[in-house]
Amino acid sequence: MSRKKAAKGRSRTSGPTASPKGKDSGKSGRGTAGTECLSNGSVHPSRPSLSNSGEFYDIAFKVMLVGDSGVGKTCLLVRFKDGAFLAGSFISTVGIDFRNKVLSIDGVKVKLQIWDTAGQERFRSVTHAYYRDAHALLLLYDVTNKTSFDNIQAWLTEIHEYAQQDVVLMLLGNKADSAHDRVVKREEGEKLAKEFGVPFMETSAKSGLNVELAFTAVAKELKHRSMKEPSEPKFQLQEYVNKEMKTSGCCRS
Ligand SMILES: Nc1nc2c(ncn2[C@@H]2O[C@H](COP(=O)(O)OP(=O)(O)OP(=O)(O)O)[C@@H](O)[C@H]2O)c(=O)[nH]1
Ligand SMILES: [Mg+2]
């Protein structure tokens, strides 16, 4: 539905042509009446639109989950969307999928269309096509997997190559619940994020730690960017996250 509208407004290039296999992808046409495209590509209706799940929303954005295979992208999305954890055997994502969720941000209904990408190398060319359409990227590593952390720099290079220049980016160290298996300290994540000027926090799809916060923070940033009055101060994503964040450690809350 709004995907095509949003893609039209992109400053660099058009959106992906591959047909998504997300839950709501089959239904289209509703929710586009009365919409206008902002220069940043968000769909900003002049009156509320109806999402395919039947919820009204005022503004819509695309968020993409990226990172190595197995870091927990699908689990993070399922936790956020359904409040559940996908325990048991790991089923690697094939290609790309999306789910929608409408959040209420400062009285505005913000629809996030969240794209869950496959982390496996063989699907990279598929996911590259979707980067340019994303308003925000959540880049994940797994705190129990050093390689996934070491690969963050390569992911950032890829993001700079394929995503919009002004894309909202956040680094997430997932599986923070796995204290015994942890090999990447929170401080290492913080240091890397600072080096690249990216907001950071640790999450757990298993316990739910900071999952809602990660998506809410991104939604707030996107909403502020597109609806902010010129006199309003810029939204400080990392500051907001620091204030709201819960940590997995013993001593910070
Ligand atoms: N302990 C713990 N395990 C997790 C967490 N998130 C995911 N997992 C486990 O990690 C494995 C991989 O999770 P997925 O969400 O499927 O990983 P993915 O990043 O989507 O992987 P691809 O689809 O291959 O890119 C699964 O066995 C999950 O149960 C978490 O926060 N904590
Ligand atoms: Mg997956």
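Just so you know, ligand 1 is whichever comes first in the structure, and atom 1 is the first atom listed for that ligand.
- In summary, no N, O or S atom of Ser69 is located under 2.8 Å from the Mg ion (ligand 2).
- Each of the following atoms of ligand 1 lies closer than 4.0 Å to a heavy atom of Leu86: 29 (O).
- Relative to the ring axis of Phe80, Lys101 places its NZ or CZ within 45° and under 6.0 Å from the centre.
- If you check the side chains of Asn210 and Thr203, you find no donor sitting under 3.5 Å from an acceptor.
- Put simply, Thr74 gets within reach of the Mg ion (ligand 2), with an N, O or S atom under 2.8 Å from it.
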From CA spacing to verdict: side chain to side chain contact (heavy atoms under 4.5 Å, CB included), Phe61, Val168: CA-CA 11 Å; Phe61 299 103; Val168 173; over 6 Å; no
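- If you check which protein heavy atom lies closest to atom 6 (N) of ligand 1, you get Asn174 ND2, 3.3 Å.
- The nearest protein atom to atom 14 (P) of ligand 1, hydrogens excluded, is given as Gly72 CA, 3.7 Å; this is a heavy-atom distance.
- One side chain, Thr93 or Thr74, offers a donor N or O that lies under 3.5 Å from an acceptor on the other.
- Between Ser178 and ligand 1, at least one N/O pair is under 3.5 Å apart.
- In terms of polar-atom proximity, Lys73 is counted as a contact of ligand 1, with an N or O under 3.5 Å from an N or O of the ligand.
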Does the pair Lys191 and Glu187 meet the rule for a salt bridge (charged side-chain N to carboxylate O under 4.0 Å, His left out), with working shown? CA-CA 6 Å; Lys191 186 166 173 268; Glu187 292 75 13; over 6 Å; no
